[in-house]
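Just follow the structure's listing: the first ligand is 1, and inside any ligand the first atom is 1.
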Amino acid sequence: MTNKNLYEILKGGFPASDQAPALETAKGFVYRYGDLERESARYANLFVSRGLVPGDRVVVQVEKSPQALFLYLGCLRAGVVFVPLNSAYQRKELAYFIGDAEPRIVVCDPAAEAELTAIAAELGGATVLTLDEEGQGSASASAASMSDHFETVHREDDDLAAILYTSGTTGRSKGAMLTHLNLASNARTLHAYWGFVPGDVLLHVLPIFHAHGLFVACHCALLNGSLMLWQPRFDVDAVMRLLPRATVFMGVPTLYTRLLDQPGFGRETCANIRLFVSGSAPLLAETHRSFSERTGHAILERYGMTETVMLTSNPYDGERRAGTVGYPLPGVSVRIMDNDEKPLPKGEVGHVQVKGPNVFPGYWRMPDKTAEEFTADGFFRTGDLGMIDDRDYIILVGRSKDLIITGGYNVYPKEIESFIDDLEGVKESAVIGLPHPDFGEAVAAVVVREAGATLDEPTVIGRLKGEVANFKVPKKVFFVDELPRNTMGKVQKNVLRDQYSKAEAGNQ
Ligand code: AMP
């Protein structure tokens, strides 16, 4: 029987020579494919030596380093479930994740060791090991004493490879269980769809506690036997310096706007690039256009989520339409449904539901929540609202929980944001619903002005009045220097709603 372990599948793409470079760090140190194989074996042996068996969990909250990637691959090889956590999470959140995942081992930054040891002691007594951003700590020290050979554990399609906690902007964060098949099928699909070729070099700047940096970026590169220019984070100067050596770059929209802010950024910087990919948050059509004018490259926008890995993508060959997330990936079904679960025709906005080998089997230890999120015929309710356009491209209009219902009418924030973004003097905007005594919710806009612009509330409201129905026109416009964003570049509308509903309540 073939081994369905994701590591074996990725390994199928490793170069013939174990001397081929796999990772080059910011300091110029090179790890080769042979190192990747040996180092991941040491971590796998470490887990086995500590008594872990396939299916046990390892919770990991560390800074990005090559060793953090080896640790992930070691988990896959030993059949233990990798549970990465955002490095920003604090004590209360960590206690929740450890209590929920019940790991046998927790790997954390040395600075958090005392706190995590206390939490782990209270909650089941997991062993705590450390790893810092230089790859130093008790985890790597213990791994170093292990054998560098490991027979990768046999796994079936449905065995768990990872649990990723959703960002949880409402309610409790849920652990999305991802199987070896979910990740392997998606890796193969993306690798083929995005035309990876021998010699591709990926500039890797994203965090690896999230699906985008770990599953999309690393899996494509590993499956291609590619070199990754491994940066601890997005540093605009380093990216400007390294882009000429890369052929593929993956980023969230804010990274693209930050590149565009660089006066020296242009065709020359991108001369060697084959593909720019964007996702995790909407890429403004304006950014897409400016990028293509400056560099000659049409950014390829794709859509996915923690629970499903990647779902849709603009075509590699063919028109990459700004403001759309492209077509369903091969093997993925996407449908748009109304509130009564009836399919909607093209051009109408409804709930996005999806099915495919990439879609997770459910939330960790939450059977009721899982049952709620799947339809009777096995489609997952993404919680996104969208439509299919006349040429079958999918357009997202926002999360259903961000939909504003004012006086019984639906307002899709993205529609109003696009109008506001087009006004002179506007850099970007976020449209939210605030509690209103008569309308239930009132439309409000939070606007970031271009430097030096003097746009004010009456102007924004006045300009929109002629453009959209009155119920869609914001009743209030707030100006800010910056929109609150999470690490993946998503605007945190819940933060804006909290802040401005409190401010408004105080004014009433
Ligand atoms: P996460 O689980 O953190 O990856 O977040 C998934 C959510 O991010 C999706 O459900 C979408 O709401 C949003 N998202 C991801 N990619 C895009 C995109 N290209 N355009 C708009 N929203 C996106």
Side-chain angles (χ1 to χ4, degrees), residues 84-86 88-89 162-171 173-178 182-183 186 190 194 206-217 250-257 276-288 291 298-315 320-329 332 334 336 349 351-354 358-360 363 373 379-387 389 393-403 412-415 417-418 428 430 485-494:
L85 296 180
N86 188 322
Y89 285 137
I163 297 175
L164 263 67
Y165 282 92
T166 57
S167 353
T169 46
T170 51
S173 191
K174 303 181 287 288
M177 301 190 286
L178 291 157
N182 292 149
L183 301 177
N186 211 237
L190 295 176
W194 292 344
L206 293 167
I208 58 165
F209 53 70
H210 188 270
H212 194 170
L214 185 61
F215 301 146
V216 184
M250 297 188 188
V252 297
T254 38
L255 305 192
Y256 289 104
T257 51
F276 283 107
V277 176
S278 174
S280 293
L283 181 76
L284 295 183
E286 178 55 31
T287 311
H288 195 280
F291 201 88
I299 299 173
L300 181 152
E301 185 169 9
R302 95 298 178 280
Y303 155 53
M305 57 195 306
T306 305
E307 292 91 332
T308 63
V309 226
M310 295 304 104
L311 292 163
T312 75
S313 170
N314 268 277
R320 300 178 191 163
R321 293 190 105 180
T324 83
V325 293
Y327 306 124
L329 285 164
V332 178
V334 177
I336 309 291
V349 171
H351 304 277
V352 179
Q353 297 186 351
V354 299
N358 52 310
V359 175
F360 78 140
Y363 295 109
E373 303 299 343
F379 276 75
F380 173 60
R381 303 177 208 277
T382 61
D384 288 314
L385 293 170
M387 64 174 209
D389 76 4
Y393 285 72
I394 293 164
I395 296 175
L396 296 179
V397 300
R399 301 283 301 160
S400 55
K401 65 178 190 317
D402 293 332
L403 173 74
Y412 298 108
K414 190 172 175 198
E415 185 194 0
E417 287 160 8
S418 312
E428 58 175 351
R485 286 195 149 85
N486 72 9
T487 23
M488 298 311 291
K490 281 192 236 297
V491 175
Q492 293 167 305
K493 290 202 168 171
N494 55 325

I'd like to know if the side chain of T166 reaches the main chain of S173, judged simply by a donor and an acceptor atom lying under 3.5 Å from each other, with no hydrogens or angles considered.
no
shortest atom 7 (C) of ligand 1-to-protein heavy-atom contact is with K490 NZ, 3.8 Å
Any atoms of ligand 1 less than 4.0 Å from a non-hydrogen atom of L396? List them with their elements.
20 (N), 21 (C), 22 (N)
closest protein heavy atom to atom 15 (C) of ligand 1 is G304 O, 3.3 Å
When rounded to the nearest 0.5 Å, the distance separating CZ of R320 from CG of L300 is 5.0 Å
Output for pair (L178 CG, L183 CG), nearest 0.5 Å, gives 5.0 Å
side-chain contact (heavy atoms from CB on, under 4.5 Å) with D384: which of I394, D402, V352?
V352
For atom 16 (N) of ligand 1, which protein heavy atom lies nearest, and how many Å away is it?
S280 N, 3.2 Å
Measuring from the heavy atoms of H210, does anything fall under 4.0 Å of ligand 1?
yes
Checking a contact table here: which protein heavy atom is nearest atom 6 (C) of ligand 1, and how many Å away?
M305 CB, 3.3 Å
Do me a favour and list the nearest non-hydrogen protein atom to atom 10 (O) of ligand 1 with residue, atom name and distance?
D384 OD2, 2.6 Å
Would you mind listing which atoms of ligand 1 come within a distance below 4.0 Å of any non-hydrogen atom of P282?
20 (N), 21 (C), 22 (N)
Short side-chain to backbone donor-acceptor contact, T308 and G304, under 3.5 Å
no
With heavy-atom distances below 4.0 Å as the criterion, list the atoms of ligand 1 near E301.
18 (C), 19 (N), 20 (N)
One finds that the ligand 1 atoms under 4.0 Å from a non-hydrogen atom of R302 are 16 (N), 18 (C), 19 (N)
Taking side chain as C-beta onward, heavy atoms only, is T487 less than 4.5 Å from H210?
no
State which residues pass ring-ring contact (aromatic ring centres under 6.0 Å, His included) with F291; sequence neighbours excluded, sorted by chain then number.
Y256, F265, F276
Taking both backbone and side-chain atoms of T382, is any N or O found less than 3.5 Å from an N or O belonging to ligand 1?
no
Of all the heavy-atom pairs spanning S280 and V252, show the shortest one and how long it is.
CB-CG1, 3.8 Å
V325 near ligand 1, heavy-atom distance under 4.0 Å?
yes
Does a side-chain heavy-atom distance below 4.5 Å link E301 with H288?
no
Taking S400 for the side chain and G383 for the main chain, is one N or O donor matched with an acceptor at less than 3.5 Å?
yes
So is A211 close enough to ligand 1, meaning a heavy atom under 4.0 angstrom away?
no
Using non-hydrogen atoms of the residue, decide whether R399 is closer than 4.0 angstrom to ligand 1.
yes
For atom 2 (O) of ligand 1, what is the closest protein heavy atom, and at what distance to 0.1 Å?
T306 OG1, 2.6 Å
